[in-house]
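For reference, the structure discussed in these notes is given below.
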Amino acid sequence: VGSYETIHVERKGRTALLTLNRPEALNALNLQVMNEVVAATAELDRDPDVGCIVITGSPRAFAAGADIKEMRPRSYMDMYLSDWFAAWDRLGDLRTPTVAAVSGYALGGGCELAMLCDILLAADTAVFGQPEIKLGVIPGIGGSQRLTRAVGKAKAMEMCLTGRTIDAVEAEWAGLVSRVVPADELLAEALAVAETVAGMSLPVAMMAKEAVSRAFETTLAEGVRFERRLFHAVFATEDQKEGMAAFVDKRPPGFTHS
Ligand code: CO8
């Protein structure tokens, strides 16, 4: 995988681990981080030997938000003409499943980055929030939309209007994260989840991701119809034949990702 300055990327079998690495700024997301994360994940997404991508930070901070010092001098025209942070949307377009492993601060853009991932695992030290309002701004990487869909209007409105942060327990209770694990087990657990996903048929996992993601975009009737089309389509894969044959033969499946 290419060489980067603000992130570290390593491969572990069919899993890729992307670690944000700007410790001096608690992994604040500047343009370089964005460009590197977007480039690295796009490259991993094109690689058929990568079945799942884990994104993590440091024990202290997943990411403490967009880089305030970088944004501070910008004008409306700077932000508009450069379409500031629009490239983060490409993370949501990845076909390979992604896992966010969040320890410590996931604030502002950090919370938004975590919510752009498919599975969100939290350490018991995780702190989530959209504190932008305290800086005189609002979320800009989809936070007002994805947080509201995840936790509902009541909590999202309070968090975006007051900047109140929530801890891992409240985040799990509210449905923002799938699971909370002890901080020193977070990475191992995230890699285990990723390995499980990466062991499934890649095209079928892509379709499962696409189907669940569609629930955020459309009506129930259209979503169910979309799911049915994909469900029929999986019968065109080798992996459906293998998965069902393995069940009947009482042996583990050997998926060929085809
Ligand atoms: N940006 C830049 N630098 C940061 C950021 C940040 N978001 N967060 C922390 N840092 C830096 C600090 O400035 C400090 O640097 P230095 O040592 O040079 O002073 C270093 O990281 C360590 O931070 P602290 O000393 O503050 O550490 P503490 O443990 O005392 O506090 C906190 C940790 C509570 C996380 C604190 O750093 C904090 O409140 N950070 C800011 C959190 C925040 O407001 N995040 C939201 C940012 S705005 C945003 O994300 C908007 C996204 C949408 C933009 C869309 C545009 C289109």
Side-chain angles (χ1 to χ4, degrees), residues 1-10 12 15-44 53-72 74 84-92 94 98-132 134-135 137-143 146-147 159 163 165-168 171 176-177 180-191 194:
V1 190
S3 97
Y4 303 102
E5 287 173 4
T6 64
I7 62 173
H8 181 69
V9 182
E10 60 193 298
K12 294 171 185 286
T15 293
L17 173 64
L18 189 160
T19 308
L20 301 170
N21 187 27
R22 269 194 89 204
E24 71 283 3
L26 299 182
N27 291 332
L29 307 169
N30 61 14
L31 290 181
Q32 188 181 2
V33 176
M34 175 181 76
N35 290 331
E36 293 189 355
V37 170
V38 167
T41 51
E43 188 183 337
L44 294 168
I53 302 168
V54 176
I55 300 182
T56 196
S58 70
R60 189 164 163 222
F62 177 72
D67 192 308
I68 298 164
K69 293 163 191 165
E70 186 181 56
M71 288 186 291
R72 183 180 167 206
R74 308 282 164 163
W84 197 269
F85 284 167
W88 281 116
D89 293 347
R90 292 199 219 133
L91 226 62
L94 296 175
T98 52
V99 176
V102 175
S103 177
Y105 297 113
L107 301 177
C111 187
E112 295 171 297
L113 170 57
M115 291 190 293
L116 271 164
C117 295
D118 301 318
I119 297 178
L120 210 173
L121 287 183
D124 49 12
T125 56
V127 177
F128 297 91
Q130 300 290 160
E132 287 90 343
K134 295 201 233 168
L135 301 164
V137 295
I138 68 170
I141 313 173
R146 291 197 181 86
L147 184 68
M159 289 171 70
T165 58
I166 60 174
D167 64 14
L176 179 59
V177 310
V180 179
V181 299
D184 58 0
E185 293 168 23
L186 176 71
L187 195 54
E189 192 60 36
L191 290 172

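Numbers for residues simply follow the sequence, beginning at 1.
Thr6 and Asn21 share no side-chain donor-acceptor pair at under 3.5 Å.
Listed here is the closest heavy atom pair of Ala122 and Ala168: CB-CB, 4.5 Å. Here the closest heavy-atom approach between residue Leu18 and residue Ala40 is recorded as CD1-CB, 4.2 Å. The two atoms that bring Thr125 and Ser103 nearest to each other are OG1-OG, 3.3 Å, heavy atoms only. Between Leu20 and Phe62 the shortest heavy-atom distance is CD1-O, 3.3 Å. Pro139 approaches Glu132 most closely through the heavy-atom pair CA-OE2, 3.6 Å. Closest of all the heavy-atom pairs between Val102 and Leu120 is CG2-CD2, 3.8 Å.
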Intermediate values then yes/no, side-chain contact (heavy atoms from CB on, under 4.5 Å), Asn27 and Ser58: CA-CA 8 Å; Asn27 291 332; Ser58 70; 4.2 Å; yes

Test side-chain contact (heavy atoms from CB on, under 4.5 Å) applied to Val99 and Thr15, step by step: CA-CA 10 Å; Val99 176; Thr15 293; over 6 Å; no

CA sep, side-chain torsions, deciding dist, call: Val54, Thr19, side-chain contact (heavy atoms from CB on, under 4.5 Å): CA-CA 8 Å; Val54 176; Thr19 308; over 6 Å; no

Pair Glu10-Lys12, salt bridge (Lys or Arg N to Asp or Glu O under 4.0 Å): steps then yes or no: CA-CA 7 Å; Glu10 60 193 298; Lys12 294 171 185 286; 3.7 Å; yes

side-chain contact (heavy atoms from CB on, under 4.5 Å) between Leu29 and Met34, intermediate numbers included: CA-CA 6 Å; Leu29 307 169; Met34 175 181 76; over 6 Å; no

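Sorted by first and then second residue, the pairs that involve residues 16-39 and meet salt bridge (charged side-chain N to carboxylate O under 4.0 Å, His left out), not counting sequence neighbours, are Arg22-Glu24, Arg22-Asp67.
The shortest distance between side-chain heavy atoms of Trp84 and Met71 falls below 4.5 Å. Side-chain atoms of Val177 and Phe128, non-hydrogen and from C-beta on, do get closer than 4.5 Å to each other. At least one side-chain heavy atom of Thr56 sits less than 4.5 Å from a side-chain heavy atom of Leu17.
Screening Asp89, Leu91, Thr98 for a side chain to side chain contact (heavy atoms under 4.5 Å, CB included) involving Leu116 leaves a single residue, Leu91.
How far CG of Leu44 is from CG of Leu94: 9.0 Å, rounded to the nearest 0.5 Å. Here the CD1 atom belonging to Ile166 is positioned 5.5 Å from the CG atom belonging to Leu176, to the nearest 0.5 angstrom. Distance check: Cys117 SG to Arg146 CZ gives 10.0 Å after rounding to the nearest 0.5 Å. Rounded to the nearest 0.5 angstrom, Ile53 CD1 and Glu43 CD are separated by 10.5 Å.
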Under 3.5 Å donor-acceptor pairs involving side-chain atoms of residues 104-113, not counting sequence neighbours:
residue	atom	partner	partner atom	Å
Glu112	OE1	Gly109	N	3.4
Glu112	OE2	Gly140	N	3.3
Glu112	OE2	Ile141	N	2.8
Glu112	OE2	Gly142	N	3.4
Glu112	OE2	Gly143	N	2.7

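Salt bridge Arg72/Glu70: absent, no basic N to carboxylate O contact under 4.0 Å.
For Ile138, the CD1 atom counts as loosely surrounded, since its 6.0 Å shell holds 12 or fewer non-hydrogen atoms of other residues, nucleotides or ligands.
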